[in-house]
Amino acid sequence: MTALTQTDRRLIAALRENARASVTELAHVTGVSRTTVKSRIDALVSSGQIRRFTIETLADDPDQVRAITSVELQGSMSRVVIRALRALPEVTTIHSTNGAWDLVLEVRAENLQQFDRVLREIREIKGVLNSETSLLLRSVAE
């Protein structure tokens with residue numbers, strides 16, 4: 001994979017701030033021409049450096065309760081558990097992992113009562129043997 005240029009890095013940083021920014025806005029922010037912005041975005045997408053463009057929603061509210069939940073599964077139940085977890089809108093990300101835990105989830109809830117309900121629902125899924133949750137208090141590297 002080709003190394004990113006300084007322009008590519010500035011462009012990616014600008015897109016992280018606003019993935020809907022127009023080519024004109026991106027040209028202004030990065031200090032290059034609109035043609036350069038368009039060609040660099042096309043190249044970054046083609047090379048896989050940019051995989052998708054996304055949005056933030058109210059679900060990304062910094063006042064939400066956010067947590068990382070580690071889950072231990074009954075071995076033969078992993079597909080069933082993952083399907084059940086995907087059905088919970090508060091479970092925003094599911095990762096398989098190695099070590100003592102089988103899955104790591106990111107959970108977001110509007111308040112502690114909703115968060116408590118979601119944790120209870122996770123624990124009640126057939127095939128979930130154990131879980132451990134850490135609340136995310138604040139980001140220290142932004």
Side-chain angles (χ1 to χ4, degrees), residues 1-32 34 36-142:
M1 203 172 271
T2 308
L4 294 176
T5 66
Q6 186 67 19
T7 299
D8 293 338
R9 287 194 290 279
R10 286 195 316 263
L11 186 56
I12 289 170
L15 288 168
R16 280 190 178 124
E17 287 296 315
N18 181 5
R20 291 192 59 195
S22 69
V23 171
T24 301
E25 291 171 301
L26 293 169
H28 177 71
V29 169
T30 59
V32 297
R34 293 178 60 227
T36 300
V37 167
K38 176 76 172 105
S39 68
R40 293 313 310 144
I41 288 175
D42 290 345
L44 290 166
V45 169
S46 294
S47 71
Q49 290 286 348
I50 294 177
R51 295 184 194 147
R52 64 188 173 107
F53 296 84
T54 189
I55 62 167
E56 288 183 1
T57 65
L58 287 177
D60 299 315
D61 181 354
D63 293 330
Q64 279 189 323
V65 178
R66 295 178 46 222
I68 299 298
T69 299
S70 301
V71 178
E72 180 184 5
L73 304 176
Q74 180 182 339
S76 63
M77 299 293 293
S78 63
R79 287 191 175 111
V80 173
V81 172
I82 291 169
R83 198 172 309 119
L85 290 168
R86 284 186 179 145
L88 298 173
E90 297 86 359
V91 176
T92 59
T93 310
I94 305 171
H95 297 278
S96 61
T97 187
N98 65 332
W101 302 101
D102 300 301
L103 299 175
V104 175
L105 320 174
E106 182 175 351
V107 179
R108 293 175 183 243
E110 296 300 317
N111 53 51
L112 287 173
Q113 291 78 19
Q114 182 184 34
F115 184 74
D116 183 50
R117 177 190 52 77
V118 172
L119 288 183
R120 189 171 42 259
E121 289 178 9
I122 291 170
R123 284 188 232 110
E124 291 173 351
I125 294 172
K126 186 175 173 141
V128 171
L129 297 178
N130 194 11
S131 68
E132 179 176 278
T133 299
S134 297
L135 289 174
L136 300 175
L137 302 176
R138 70 178 178 95
S139 178
V140 293
E142 286 190 23

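Note that this is a predicted model, so its numbers are computed, not measured.
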Do any pairs count as a salt bridge (charged side-chain N to carboxylate O under 4.0 Å, His left out) and have a residue in residues 75-86, sequence neighbours left out, and if so which ones?
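Sorted pair list comes back empty.
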
Can you measure from [atom1] ([X]) to [atom2] ([Y]) and round to the nearest 0.5 angstrom?
X: Glu110; Y: Gln64; atom1: CD; atom2: CD; answer: 4.5 Å
X: Thr97; Y: Leu105; atom1: OG1; atom2: CG; answer: 11.0 Å
X: Arg108; Y: Leu136; atom1: CZ; atom2: CG; answer: 8.5 Å
X: Leu15; Y: Leu44; atom1: CG; atom2: CG; answer: 8.5 Å
X: His95; Y: Ser70; atom1: NE2; atom2: OG; answer: 11.0 Å
X: Asn18; Y: Phe53; atom1: CG; atom2: CZ; answer: 11.5 Å

Would you say the side-chain atoms of [X] pair up with the backbone N or O of [Y], donor to acceptor, closer than 3.5 Å?
X: Glu25; Y: Ala21; answer: no
X: Arg34; Y: Ala27; answer: no
X: Asp102; Y: Glu72; answer: no

Quick one, Arg66 with Leu135, criterion side chain to side chain contact (heavy atoms under 4.5 Å, CB included). Give me CA distance, side-chain angles, the key distance, then yes/no.
CA-CA 6 Å; Arg66 295 178 46 222; Leu135 289 174; over 6 Å; no

Determine the minimum heavy-atom distance between Ala14 and Leu26, stating which atoms define it.
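In this case the closest contact between Ala14 and Leu26 is CB-CD2, 3.7 Å.
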
Contacts of type side chain to side chain donor-acceptor pair (under 3.5 Å), residue Glu17, not counting sequence neighbours
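Glu17 satisfies side chain to side chain donor-acceptor pair (under 3.5 Å) with no other residue.
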
For Thr36, which residues count as a side chain to side chain donor-acceptor pair (under 3.5 Å) partner, sequence neighbours excluded?
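Partners of Thr36 by the side chain to side chain donor-acceptor pair (under 3.5 Å) criterion, ordered by chain and then number, come out as Ser33.
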
Let me see the working for Val37 and Val32 under side chain to side chain contact (heavy atoms under 4.5 Å, CB included), right down to the final yes or no.
CA-CA 7 Å; Val37 167; Val32 297; 3.6 Å; yes

Would you please name every residue forming a salt bridge (Lys or Arg N to Asp or Glu O under 4.0 Å) with Arg40, sequence neighbours left out?
Asp8

For a quick test of your reading: what N or O donor-acceptor pairs under 3.5 Å do the side chains of residues 116-126 make, sequence neighbours left out?
{"residue": "Asp116", "atom": "OD2", "partner": "Arg120", "partner atom": "NH1", "Å": "3.2"}
{"residue": "Arg117", "atom": "NH1", "partner": "Glu121", "partner atom": "OE1", "Å": "3.4"}
{"residue": "Arg117", "atom": "NH1", "partner": "Glu121", "partner atom": "OE2", "Å": "2.8"}
{"residue": "Arg117", "atom": "NH2", "partner": "Glu90", "partner atom": "OE2", "Å": "2.8"}

Close side-chain approach of Val91 to Glu106, heavy-atom, < 4.5 Å:
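Not in contact.
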
Go through Thr92 and Val107 one step at a time and tell me if the side chain to side chain contact (heavy atoms under 4.5 Å, CB included) criterion holds.
CA-CA 6 Å; Thr92 59; Val107 179; over 6 Å; no

Residue pairs involving residues 127-137 (criterion side chain to side chain donor-acceptor pair (under 3.5 Å); sequence neighbours excluded)
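Residue pairs passing side chain to side chain donor-acceptor pair (under 3.5 Å), neighbours aside: Thr69-Thr133.
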
